[in-house]
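Since the structure comes first, as structure tokens, the remarks are kept for the end.
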Amino acid sequence: MQDRSNIKVSMPTIRRLPRYLQVLKQCSHEQCEFISSTRIAAELGFEAIQVRKDIEVLGIKGQPRIGYKMTELASAIESFLSWDNDNEAFIVGVGHLGSALIGYKGFEDYGLKIIAGFDANEELVGSSVNGIQIFSMDKLVELIARLKIHIGILAVPDSAAQEVAELMIAGGIIGIWNFTPVRLSVPENIIVERVDLASSLAVLSRKTSRQLKTRVF
């Protein structure tokens, strides 16, 4: 399959592709060889034309009135997102959130493998969480460089976020998955993806509140 990693694609398209992959996995038990853009769109509440446009960036074509071969489409999505390769990552901050992230086995389905944790709490250093060893912060930069780790997961208190991000970058991290609300100041070549839990919760709370106001008890 042609390498399409350098093709410029909009962020909304990239964010939709994993949802298409979820539909493919959910439909795999039906033992169907093909799936249409209309079926994918219906499962997600999207427009079929949007699904087709998104799939076009993968470089595969469907058959008229039949759709896309499911195995080929799934493989194309995983390859495009680099989920068909193992991306090793370090996580810094192994409190409640960090420990939960370490324990989530689903990451490996998406090519992400957390291989070590780091924490400033000396009581945690030397222990393990779900089989992942926890190291002290003074080992972070050295181990990033030695093991050539490129992805860092940030799950530290807000006050430590910027400092830890700088340590990650000093070791060679080029992609930071930021689970803090802090907007990091980083060089232009560093990729930061911030998981805004507060914003997501705000939307959920607002929609729930409005729904409750219209419900008749």
Side-chain angles (χ1 to χ4, degrees), residues 1-91 97-115 117 129-132 149-153 155 175-179 191 193-197 199-201 203-204 207-208 211:
M1 184 177 295
Q2 181 183 358
D3 181 11
R4 305 181 69 83
S5 59
N6 292 325
I7 294 176
K8 188 174 182 178
V9 181
S10 71
M11 289 305 299
T13 292
I14 293 174
R15 293 183 189 280
R16 284 190 292 266
L17 289 175
R19 301 189 66 183
Y20 301 161
L21 188 59
Q22 289 176 348
V23 172
L24 295 175
K25 290 181 177 181
Q26 290 167 1
C27 295
S28 61
H29 70 278
E30 298 178 10
Q31 298 182 337
C32 296
E33 187 177 359
F34 293 87
I35 190 168
S36 68
S37 58
T38 302
R39 170 71 185 277
I40 296 173
E43 292 286 342
L44 296 171
F46 295 165
E47 295 291 335
I49 188 171
Q50 181 67 71
V51 175
R52 288 194 293 272
K53 286 181 177 179
D54 289 341
I55 292 176
E56 281 179 6
V57 307
L58 304 175
I60 66 171
K61 297 184 181 298
Q63 298 183 29
R65 294 186 295 276
I66 296 179
Y68 305 92
K69 191 169 184 179
M70 289 182 61
T71 55
E72 181 181 359
L73 180 54
S75 178
I77 294 174
E78 289 176 341
S79 178
F80 186 84
L81 298 174
S82 295
W83 286 357
D84 53 350
N85 298 311
D86 281 337
N87 290 309
E88 294 183 337
F90 282 170
I91 184 168
L97 176 58
S99 296
L101 293 172
I102 290 174
Y104 180 57
K105 300 303 181 183
F107 286 146
E108 295 190 13
D109 292 338
Y110 306 124
L112 180 69
K113 186 176 183 181
I114 299 174
I115 64 170
V129 176
N130 289 292
I132 302 302
I149 302 298
H150 300 304
I151 296 177
I153 303 172
I176 299 175
W177 201 7
N178 181 14
F179 280 83
I191 303 157
E193 179 66 21
R194 187 161 67 96
V195 180
D196 197 335
L197 298 175
S199 293
S200 182
L201 177 59
V203 172
L204 176 63
K207 288 183 176 180
T208 301
Q211 178 74 1

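If you read the sequence from its start, that first residue is 1, and numbering goes on from there. What you see below is based on every heavy atom in this structure, not just the backbone, and it leaves out hydrogens, waters and symmetry mates.
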Quiz prompt | Contact summary for Met70 and Cys32, nearest pair of heavy atoms | solution = SD-O, 3.1 Å
Exercise. Would you give the length of the straight line joining atom CZ of Phe179 to atom CG of Leu97, rounded to the nearest 0.5 angstrom?
Key: 6.5 Å
Exercise. Return the minimal non-hydrogen interatomic distance between Ile114 and Ile102, and the atom names on each side.
Key: CD1-CA, 4.1 Å
Quiz item: Measuring from Glu43:CD to Arg19:CZ, what's the distance to the nearest 0.5 Å?
Solution: 11.0 Å
Quiz prompt | Nearest-0.5 Å distance that lies between atom CD1 in Ile151 and atom CD1 in Ile191 | solution = 9.0 Å
Quiz item: Between Glu193 and Arg15, is the closest basic N to carboxylate O distance under 4.0 Å?
Solution: yes
Quiz item: For the atom pair CZ (Arg52) and CD (Glu47), what is the distance rounded to the nearest 0.5 Å?
Solution: 9.5 Å
Exercise. Inspect the surroundings of CD1 in Ile49 and state if more than 12 heavy atoms from other residues, nucleotides or ligands are less than 6.0 Å away.
Key: no
Quiz item: So do Phe80 and Val9 actually touch side chain to side chain, heavy atoms under 4.5 Å?
Solution: yes
Quiz prompt | Distance in Å, Lys69 NZ paired with Ile60 CD1, rounded so as to fall on 0.5 Å steps | solution = 11.0 Å
Self-check item: Non-hydrogen side-chain atoms of Leu112 and Ile153 separated by less than 4.5 Å
Solution: yes
Exercise. Search all heavy atoms of Tyr68 against all heavy atoms of Gly62 and return the closest pair with its distance.
Key: CE2-N, 3.3 Å
Quiz item: Is there a donor-acceptor pair under 3.5 Å between the side chain of Ser79 and the backbone N or O of Ser75?
Solution: no
Practice problem: List the steps, then state whether side chain to side chain contact (heavy atoms under 4.5 Å, CB included) holds for Ile77 with Leu24. | Solution: CA-CA 10 Å; Ile77 294 174; Leu24 295 175; 4.2 Å; yes
Quiz item: Can you name the nearest heavy-atom pair linking Asn130 to Ser99, along with the distance?
Solution: ND2-O, 4.0 Å
Quiz item: How close do Ile149 and Ala89 get, heavy atom to heavy atom, and via which atoms?
Solution: CG2-CA, 4.0 Å
Quiz item: Is there side-chain contact between Phe107 and Leu101, with heavy atoms separated by less than 4.5 Å?
Solution: yes
Practice problem: Look up atom CD1 in Ile35 and atom SG in Cys27, then write down how far apart they are to the nearest 0.5 Å. | Solution: 4.0 Å
Practice problem: Determine whether Ile91 and Ile132 make a side-chain contact, defined as any pair of heavy atoms from C-beta on separated by less than 4.5 Å. | Solution: no
Quiz item: Heavy-atom distance under 4.5 Å between the side chains of Tyr20 and Leu73, does that happen here?
Solution: no
Self-check item: Side chain Ser28, main chain Lys25, donor-acceptor under 3.5 Å
Solution: yes
